[in-house]
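The structure appears right after this line, and notes come after that.
Below, chains carry the letters A, B, ... as their sequence lines are ordered, and counting in each starts from 1. None of these values were measured; they are calculated from a predicted model. Side-chain atoms are counted along with the backbone in the values below, which use heavy atoms only and exclude waters and symmetry mates.
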2 protein chains.
Amino acid sequence: MENSISKIQGAITRNSELFEELANLYKIFGDASRVKILCALTQSEMCVSEISAFLSISQSAVSHQLRILKTSNLVKTRREGKNIIYSLTDDHVRTIIDCGMEHIAE
Amino acid sequence: MENSISKIQGAITRNSELFEELANLYKIFGDASRVKILCALTQSEMCVSEISAFLSISQSAVSHQLRILKTSNLVKTRREGKNIIYSLTDDHVRTIIDCGMEHIAE
DNA sequence: TGCTTATATGAGCATTTGTTCATATGTTCA
DNA sequence: TGAACATATGAACAAATGCTCATATAAGCA
């Protein structure tokens with residue numbers, strides 16, 4: 001018992017950066033604006049002004065948040081004329097949101 | 001297309017508190033100390049001083065974080081003599097952590 | 001080329017967050 | 001009951017966060 005707990009401790013101590021990384025990932029989902037943006041992109045790719053209009057968040061705020069999402073590799077972009085279209089990088093985002101939703105649903 | 005996006009917007013606007021709630025859930029996971037605590041409890045229930053020693057976080061800091069976790073119903077407690085034993089409320093925590101780990105694993 | 005639209009970005013600011021320190025509360029046991 | 005251990009909690013403070021405002025950058029079009 002004591003021994004097995006020591007093992008856990010070892011694992012946690014050794015993987016300290018891993019937990020840091022994990023926390024950083026969740027931190028990104030820990031903001032209503034970003035979750036909304038991600039959730040919207042779950043349904044369809046969108047350009048900045050669309051996101052801004054749909055979520056009633058200022059263009060600047062959306063842009064700032066999108067930068068965070070892009071830096072974290074959760075979304076990717078492509079240019080289409082004047083617009084920049086944002087979409088999810090992969091399906092993990094969907095999975096993570098679903099995960100949380102299930103918990104909330106109780 | 002325009003129509004379907006409108007539907008998404010409606011859903012997001014109508015469920016604004018839902019996203020707030022979702023963000024609040026993730027916010028809890030968005031701190032290395034708390035993730036470590038939760039992860040430790042994933043393996044075994046523990047009392048405060050054990051957690052504190054294992055994670056090298058001060059007793060006070062652990063206690064403060066545990067209060068947050070308890071308020072959010074992610075952990076539950078029972079007293080055993082002088083100690084208060086903390087354990088996960090349910091398996092959702094495990095699932096959510098696994099979810100994030102998978103994403104990080106790339 | 002100059003105007004308009006779309007997006008990005010920096011500075012400033014108010015709010016939130018996580019820690020520490022000091023102390024209170026609660027339990028055990030001599 | 002009083003000392004010792006375990007946990008909780010409030011105040012204070014530094015750091016991080018997310019927004020707004022102003023402005024920069026970039027593309028399309030007359």
Side-chain angles (χ1 to χ4, degrees), chain A residues 2 5 12 16 19-41 44-87, chain B residues 2 5 16 19-41 45-87:
Chain A
E2 185 59 36
I5 290 185
I12 289 178
S16 202
F19 287 102
E20 209 72 50
E21 209 180 334
L22 190 62
N24 283 335
L25 174 65
Y26 285 123
K27 211 172 286 180
I28 295 168
F29 288 80
D31 174 78
S33 296
R34 285 192 295 267
V35 171
K36 282 181 191 174
I37 291 173
L38 288 173
C39 203
L41 294 180
S44 162
E45 58 177 22
M46 290 189 205
C47 70
V48 180
S49 48
E50 281 176 316
I51 298 173
S52 171
F54 290 165
L55 304 181
S56 303
I57 304 175
S58 79
Q59 180 271 316
S60 180
V62 169
S63 216
H64 278 297
Q65 299 301 357
L66 284 171
R67 190 163 54 80
I68 292 174
L69 295 176
K70 192 173 182 193
T71 301
S72 318
N73 269 306
L74 294 179
V75 303
K76 61 182 195 295
T77 61
R78 79 168 194 279
R79 181 176 279 280
E80 205 164 85
K82 273 183 298 188
N83 301 316
I84 299 204
I85 318 272
Y86 281 80
S87 57
Chain B
E2 184 58 38
I5 291 185
S16 203
F19 287 102
E20 208 72 49
E21 208 179 334
L22 191 61
N24 283 335
L25 174 65
Y26 286 123
K27 208 172 287 179
I28 294 169
F29 288 80
D31 172 78
S33 297
R34 284 192 294 267
V35 170
K36 283 180 189 173
I37 292 174
L38 288 174
C39 204
L41 295 180
E45 56 175 23
M46 290 190 204
C47 69
V48 180
S49 49
E50 283 178 315
I51 298 173
S52 172
F54 290 165
L55 305 181
S56 303
I57 304 174
S58 79
Q59 179 270 315
S60 180
V62 169
S63 217
H64 277 297
Q65 298 300 358
L66 284 172
R67 190 164 54 78
I68 293 174
L69 295 176
K70 192 173 181 194
T71 301
S72 318
N73 270 306
L74 293 179
V75 303
K76 61 184 193 295
T77 62
R78 77 169 195 279
R79 181 176 278 279
E80 204 164 85
K82 274 183 297 190
N83 301 313
I84 299 204
I85 318 273
Y86 280 81
S87 59

Residues pairing under ring-ring contact (aromatic ring centres under 6.0 Å, His included) where one sits in residues 62-81 of chain A, two or more places apart or in two chains, turn out to be none
note: A/Ile85, atom CD1; D/dA27, atom P; distance rounded to Å ~ 15 Å
Report yes if at least one side-chain N or O of A/Gln65 is closer than 4.0 Å to OP1 or OP2 of D/dT17; otherwise report no. no
Confirm from the modelled atom types if A/His64 and D/dT17 form a donor-acceptor pair under 3.5 Å, side chain to base only. no
Sequence neighbours excluded, the answer for side chain to side chain donor-acceptor pair (under 3.5 Å) partners of B/Lys82 is none
Using side chain to side chain donor-acceptor pair (under 3.5 Å) as the criterion, list what pairs up with A/Arg67, not counting sequence neighbours. none
Would one find a side-chain N or O of B/Tyr86 under 4.0 angstrom from OP1 or OP2 of D/dA6? no
For a quick check of understanding: with a heavy-atom distance under 4.0 Å over all strands, which category does A/Ser49 fall into, base, sugar-phosphate or nothing? sugar-phosphate
Would you check if B/Leu55 and B/Val62 make a side-chain contact, meaning some heavy-atom pair closer than 4.5 Å? no
Please check the phosphate of C/dG18 (OP1 and OP2 only) for any side-chain N or O of B/Arg34 closer than 4.0 Å. yes
Short side-chain N/O contact from B/Ser33 to OP1 or OP2 of C/dG18, under 4.0 Å: no
Does A/Ser63 have a side-chain nitrogen or oxygen under 4.0 Å from the phosphate oxygens OP1 or OP2 of C/dT7? no
For the pair made of NZ in A/Lys70 and C1' in C/dA8, what is the distance, rounded to whole Å? 11 Å
Tell me, with the steps shown, if B/Gln65 and B/Ile68 meet side chain to side chain contact (heavy atoms under 4.5 Å, CB included). CA-CA 5 Å; B/Gln65 298 300 358; B/Ile68 293 174; 3.5 Å; yes
Identify all pairs in which a protein N or O lies below 3.5 Å from an N or O of nucleotides 22-28 of chain C, and state each distance.
none

Can you pull out the residues from residues 22-32 of chain A that lie within a 4.0 Å heavy-atom distance of DNA chain C? none
Can you sort out the partners of B/Tyr26 under ring pair (Phe, Tyr, Trp, His ring centres under 6.0 Å), two or more places apart, ordered by chain and number? A/Tyr26, A/Phe29
Approximate separation, where rounding is to 0.5 Å, of A/Ile37 CD1 and A/Ser52 OG: 9.0 Å
Please report the distance, rounded to the nearest Å, between CZ in B/Arg67 and P in D/dA6. 22 Å
Is there a donor-acceptor pair under 3.5 Å between the side chain of A/Arg34 and the backbone N or O of B/Ala23? no
For a quick test of reading the model: is some side-chain N or O of A/Asn83 closer than 4.0 Å to OP1 or OP2 of C/dT7? yes
